[in-house]
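Reminder, nothing fancy here: chain letters follow the sequence lines and each chain counts from 1.
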There are 2 protein chains.
Amino acid sequence: MNIREVARLAKVSTATVSRTINGSDKVTPETKERVQRAIEELKFYPNTWARALGSGRSRLYGLIISDITNPFFPELVKSFEDIAVQNGQEVLVANTNYDPARMEQCVSRMLQRKVDGVAIMTSEMDPRLITEFQDRDIPLVFLDTGTAQKLTSNIVVDYASGVDAAVEHIVGLGHTEIAFISGPMMLRSARVRREAFVACLERRGIGAGLMEEGNHQVDGGHGAMERLLSRKTRPTAVLASNDMTAIGALGAIHESGLRVPEDISIVGFDDIQISAFTQPALTTVRLSRDEIARVAFRALYGIRQEGSKGAEYGVPTSLVLRSSTGRVPRDTTGKMREDAGLVRA
Amino acid sequence: MNIREVARLAKVSTATVSRTINGSDKVTPETKERVQRAIEELKFYPNTWARALGSGRSRLYGLIISDITNPFFPELVKSFEDIAVQNGQEVLVANTNYDPARMEQCVSRMLQRKVDGVAIMTSEMDPRLITEFQDRDIPLVFLDTGTAQKLTSNIVVDYASGVDAAVEHIVGLGHTEIAFISGPMMLRSARVRREAFVACLERRGIGAGLMEEGNHQVDGGHGAMERLLSRKTRPTAVLASNDMTAIGALGAIHESGLRVPEDISIVGFDDIQISAFTQPALTTVRLSRDEIARVAFRALYGIRQEGSKGAEYGVPTSLVLRSSTGRVPRDTTGKMREDAGLVRA
DNA sequence: TGATTGTCCGTAAGCGTTTTCGCCAAAACA
DNA sequence: TGTTTTGGCGAAAACGCTTACGGACAATCA
């Protein structure tokens, strides 16, 4: 079943069939109609590869992420796919599993599939691989890591305003002992979030906050929170570098016999789906994956379509208030902790 | 950059280049070596579509799921991709968003991309669309919905044994008032799970359990649990049709002032990632997505590779014990509920 | 030594599209 | 009526690969 059979049935040339499929050029409505009927009658689906071979465009866009299993990504993937499909394009998703070797493999796969553009949403990225794309004039877009050039764009998330809103909220509730559980410091996005927090406290003249390092996973948040709880001065509010970390912290607090938000307030970051369903529901800084996906696709597709250039795109963050934050407890010393422990025992 | 340039540099014919790329046939090690060097020197990446056009095989497999945002799927996608890539194949993921129209679109996309096989992991599926694949001799594999035929396989999950293990566990803890929150009854998998539960109780001579219908989402579980709590005879243990439902139930119980597992035990189904991190961690029936993905890919790839036939594949379920289940409370009447409420008030 | 076999490799014909020309007929003009 | 313009369409050459076929050559056999 190919374009020739359609042409034969419609009594036109293959060129005309191709033209009506591509909706382009000048084809008489009647001819177009005739061809359409033939296509439907034969249940003809044009072979995308052959189309790509002929036209030099694959209508395929690569989306490289660290790990689809990380709750941050599914929404991103979904939104990206949605908008791509809306524009008649396809998406090739690839997981690097945080592994540089896999990343190299992903790049190779993209190159072989001759994608029309790649969105790179991982933190780790060998610059050598980037040039591999750029040498072939393949548009790129990065999330927070990269710089706008000819055909490559960069999305910069406004972490600062989100962190600022969170701190303002916390401070407004009377908290002064505020801690931060960061992500792994080797990640740029983790560093940026942390720096935003430090800068924010400084700006407000609040002493440097307590710091612990997590790993952007639940277990890291759990461990970091345990360390925070064992300090002489316990924080009354904790900001986490992402929601997974916050969930881990929630668990650690729960196990220690303290309550959220009565004893300690928690703020997350990202607003992943489950954050609305934890006990208590997590107050968090929302980073719209939908927005990121939209911008990323536009950056890639627009370059091809409208011949635009690589650019920087900002995406905002916003505070989502739920139940994990509350007024600072009157007694903020370690004493209360013992009480709480006794109550449970 | 194409195979011809490689051939020129290596001073061989394009056929020889093709042969060494495909690792096949008889090519002298020296020639092969020479070609390899040329490929690396030119950073040549063979054009997959042209390969597909020439060979009639795309090395692409479709994976149709309902919604990547549903926590059940990401692991499935990841495992499927992993094993596909290990075998030198690619995966095209498509979301139907539970929408028949989108499903039709997905099918069309798969057909245009000339995938070598499709794994259909959605519940809703128009039989008319299935034949679209079968007419073109494209291997198919279904999850729990479908029947083995020429080139189409079916994976059947052993829900019964999982439910059985859960009920045995619960009964072993002394519970006799056991409720079940089902999924939407229009879903086959939801019906099967429910039937397994009913049959299991019957087999054990325990009276028909309390039933509520959820929607496999958190809010459905929440609502269903509220209804269960307002009954005259409150259950002491609740099985949920999936983990999302169980998480909703957890929330509702928490809000009512009761505790899990002291007052009510909860068992989920699926063992999605977050279930290990809820408060308390969820006892649940594990359904290995990894296993499903592995079997599904084999079913598709094996048919092509070893010329096998469509078949039925079973995958087991197993009980994961965590903290949401405990011994039946001594006083199981509504009285305790008031107490608990008072304590909280 | 001539015939036979087998190995390695090149030639060239596809695969299913797109797209550049250029042709033809009809419309517009003189 | 003859000439130019135009719009719709067909012929055919790509696109980059795979693969059937066959040729050249060396090794083996009678």
Pairwise 5' ranking along DNA chain C for B:Arg34 and B:Leu53, keeping only the more 5' one: B:Arg34
Short side-chain N/O contact to D:dG16 OP1/OP2 from B:Asn47, under 4.0 Å: no
Sugar-phosphate, base or nothing in reach of B:Thr48, heavy atoms under 4.0 Å: nothing
Distance in angstrom units between A:Asn22 CG and C:dT20 C1', rounded: 15 Å
Within 6.0 angstrom of A:Arg34 CZ, more than 12 heavy atoms from elsewhere: yes
For B:Leu60, the option from B:Leu92, B:Thr48, B:Val91 that meets side chain to side chain contact (heavy atoms under 4.5 Å, CB included): B:Leu92
Euclidean distance, atom NZ of residue B:Lys32 to atom P of C:dT7 [Å, nearest integer]: 15 Å
Options C:dG16, C:dT18, C:dG10, nucleotide nearest the side-chain atoms of A:Arg51: C:dT18
Touch class at under 4.0 angstrom, heavy-atom based, for A:Ser18 against every strand present: base
For atom CZ of B:Arg4 and atom P of D:dG16, their distance in whole Å: 7 Å
Candidates D:dT18, D:dC9, D:dA11 - which lies nearest the side chain of A:Ala15: D:dA11
Nearest-angstrom distance from the residue atom CZ of B:Arg19 to P of D:dT19: 10 Å
Integer-rounded Å distance: C:dT11 C1' and B:Ile3 CD1: 14 Å
Identified side chain to side chain contact (heavy atoms under 4.5 Å, CB included) counterpart of A:Leu140 within the set A:Ile130, A:Leu151, A:Ile303: A:Ile130
Rounded interatomic separation in angstrom, taking NZ from A:Lys114 and P from C:dT17: 21 Å
Listed nucleotide nearest any side-chain atom of A:Ser55, set C:dT18, C:dC9, D:dC17: C:dT18
From CA spacing to verdict: side chain to side chain contact (heavy atoms under 4.5 Å, CB included), A:Asp144, A:Val192: CA-CA 10 Å; A:Asp144 254 335; A:Val192 174; over 6 Å; no
Sugar-phosphate only, base, or nothing, as touched by A:Val12 at under 4.0 Å among non-hydrogen atoms: sugar-phosphate
Value in whole Å for how far the C1' atom of C:dG10 lies from NZ of B:Lys11: 16 Å
Under-4.0 Å side-chain N/O to phosphate OP1/OP2 contact, B:Thr14 with D:dT18: no
Separation of atom CD1 in A:Ile39 from atom P in C:dG16, rounded to whole Å: 16 Å
More than 12 heavy atoms of other groups within 6.0 Å of A:Arg136 CZ: yes
Below 4.0 Å: OP1/OP2 of C:dC9 and any side-chain N or O of B:Ser13: no
